[in-house]
Each structure stands twice: as structure tokens, then as C-alpha cells.
Amino acid sequence: MKLDVDSTDAALLEDTVDEFLWAVNYVTRHAFQGEYVTTSKTTLHDDTYEDVRDETALHSNHVQAARNKAAEACKSVVKKWKQGKKASMPHFTSPHLVYDHRTAMFHDEYVSLVTVDGRIEADYVLPDNKRDTPHAEYFFSDEYETTGAEVHYRNGNWMFHIHCKKDVESDTPEQATTENGTVLGVDLGVNNLAVTSTGTFWTGDEFGHWRREYENRRGDLQDHGTRWAHENMQAVGRKEEGRFKMTLHRISNELVAEARDHDCSVIAFEDLTDIRDRTGASWGHKWAFNRLYAYVEYKAAEYGIDVAQVDPENTSRRCSHCGFTHPDNRERESFECLKCGYENHADYNAAKNIGLRYLRRNQTGSGGGAPVGVRLNSGMLNANGEYEPPAEESARAGVHAESPQL
Ligand SMILES: [Zn+2]
């Protein structure tokens, strides 16, 4: 709907729009600095929040909205790259502002909007015929709940785009999801050190390279057999161990951030006891997996996120889509179900199975605080393995696109 905004208030909205766009572009530029594009909202928040608060007079919720907008845009760029399409760093120029329930207060005749200098009140401009309009059907209807809005400046008018969703009963999965959270499944391995059910991959290349280098140098030094060589060997060991640990700290931080970004209440790993037999991992990998698990466990605890291990049996052979289990479903890194034809990266399929297994083992049936779904990059799997589309209006664009069969 159109908003009735006088010239003083329009000037305030314009200033707010300017600062909002500056903030979105600032966060986007930051995300593109460095070797990889940062898409984690948590990381972007940690990196840019203070700067944006210092540089602008934006309300904290506008700062968050700007960061979310930047993160979503960066995610869709990465998604395009993964699909082999071209995409460059997004730049926002279209004058608009994102509002939520803190920054916009919806009244019957008008809305109160936060600006860079206090609030303004703007009357709704509605058609004379108030029935059979979208406003009557959604915005003024008790059956729909207003979830947020955007203000757009277009052709000399301030337009108000309101997001509504059907009011839901408290016992439906959608609300239970926010209360009970979801599970992030994590698969550990040699080629990919970690892969999550949300489709984020941490490659094992770097770690594998260091481990080989360490073992080679250790071999060289041992051949010399002198006291000098022995001391050097220990020094190399400590230095390499320090580098391994730093990498594992970084990955564990990113895993916890992934869980926070997706509102997960549990991070599920496979049981690590026999992981060497299952994955052909070296002693070094086993050491790394145990470290990583321990780091994630204590870091997740800070945010009230539980960390658990589940029975690993068949997590790599089972189809996360239909449940069919067969060794031939998997061929190295590719998974293709012999029964239903579901195709995806084998480690990603395993990560989903790990999440599902946790979910099934912990479902009480009464929904007493147990997680209700496995978090995917868009939507989730419920305990029956059925796909549920995302509750949010804006679907997350993860770095690993879900196969269309799901
Ligand atoms: Zn299948």
C-alpha cells in the first residue's frame, strides 16, 4: 500500500534509506574481501556490526536487516558460482528499507516507523472500496499475521510492502521448529573433513597436505638418528600440531556458526570410536576428528547447543531420501540411490542421515523439547524423511544446492 508521508518525514526516511543502503553495501564489500566470500550471518555480524553502528545512526534492527540482506545476496552469488553461472559482487541502489516488528509498529490507520532520528507516523493510503482488496484479505484479516515489511521509494511515492503469513496454531511443526529447534547433521571424512546437512563443505586437502608433510619430515629427521635430529623432530611436531589446531579451531567456529545461523539446537556427529576402520582415516585424522568434536562441544555449549554422537552404521550407504540401504548406492563421492534415483554428494547424503538418526533416536512422540527436523540448506527433513519447505519467506541459498528430487 501507499503511505502518506509529509516532507519532513520524507527527508528522515530518505536519510534512513541512504544509511541502510550504505550498510548493505558495506557488509557486502566486507563479505567479498579475502579468499572466500563470507556468507555466514554470524560471521558477518561479528565482523561488521560495530563498524556499521559507528558509521550510521541506524537502529540495531536495521543494522541486522542490512546484514541479512547482504548475506542472502552473497549466498545467491555463491550458489550461482556453484552452478557454473556468472555473478559479480552485488551492489544495492534501489531505495528501500527492511522493517520488522521492532522497527515498524502496525496500527489500524497508520504505521509507526523507526528512522535515523526517532519514529515517524505514516497513514495508510487505501482504496475507497475497502472490501475485496488484498489489504482486507490479508493485512486487516485476523487469519493472517504480519511478519514484517519493506518501504520502497518509487516514482515519487513511498510504498509499503507488507509480509503476511497465515496465522498458525501453536502445535504445528512450523512453530514447534522455533521452540524445539532442529538438528545439524555433520559427516566427518578424509576428502572432506566436515560436511553439514545444510550443505556446507570443509575440504580435507589442507589438513591432508600438512599431515603428509609432517610425516615426511619426521621420516627424514628420524633417518639422521642424532640427538639434534630428535630435538628438531619434536619442534616440527609442535609447530605442525599448532597449525592443525588452528585450522580445527576455525572449522569448529564455523560449524557452530552454521548451527546458529540455522537455529539448530543440536549438532549431531557419527560415533567416532571406529571411524578409522570405516573411513580409512589415518591416526592423524582420528586425532583431528576427536579434537574437532571436543572444540565444537565446548563452543556450542556457550550458545546452549547440544552436541551428540549417533550410531554410524550405514549412514554412508543409506538413501537419505527413501531409506533404501545398499553398498552400491555409493560410488566414491557420488551417491545415487538404486531404488529411488536420489543423487547427491555422498558426504552430504551421509550428513543428512546422521541428522535423521539423531532425530529418530530422540523423538518422544510428545514433542517434549525434542528437535523436530534435520536442518537442510533450504527447509528440513522431518523424522519420516519427508521434506518440509522453509518456514521463512526468504529461502536460504546454501553453497550446495539440494537436488530437485527432494
Ligand atoms: Zn532412495
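Note that ligands are numbered from 1 as they come in the structure, with each ligand's atoms numbered from 1 the same way. What's counted below: heavy atoms across the whole structure, side chains too, no hydrogens, waters or symmetry copies. Only a predicted model underlies this, so the values are computations on that prediction, with no experimental measurement involved.
Ring-centre distance between H152 and F160: not below the 6.0 Å cut-off. Residues Y295 and H249 place their aromatic rings such that the two centres sit under 6.0 Å apart.
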Determine, stepwise, if the pair D261 / K75 fulfils salt bridge (charged side-chain N to carboxylate O under 4.0 Å, His left out).
CA-CA 13 Å; D261 274 355; K75 278 180 186 172; 5.0 Å; no
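Between E270 and R357 there is no salt bridge, since no side-chain N of the basic residue sits under 4.0 Å from a carboxylate O of the acidic one. Between E150 and K69, at least one side-chain N (NZ, or NE/NH1/NH2) sits under 4.0 Å from a carboxylate O, which counts as a salt bridge. Salt bridge status for R330 with D347: present, with a side-chain N to carboxylate O gap under 4.0 Å.
For the Zn ion (ligand 1), protein N/O/S neighbours under 2.8 Å (waters excluded) are C319 SG, C322 SG, C337 SG, C340 SG.
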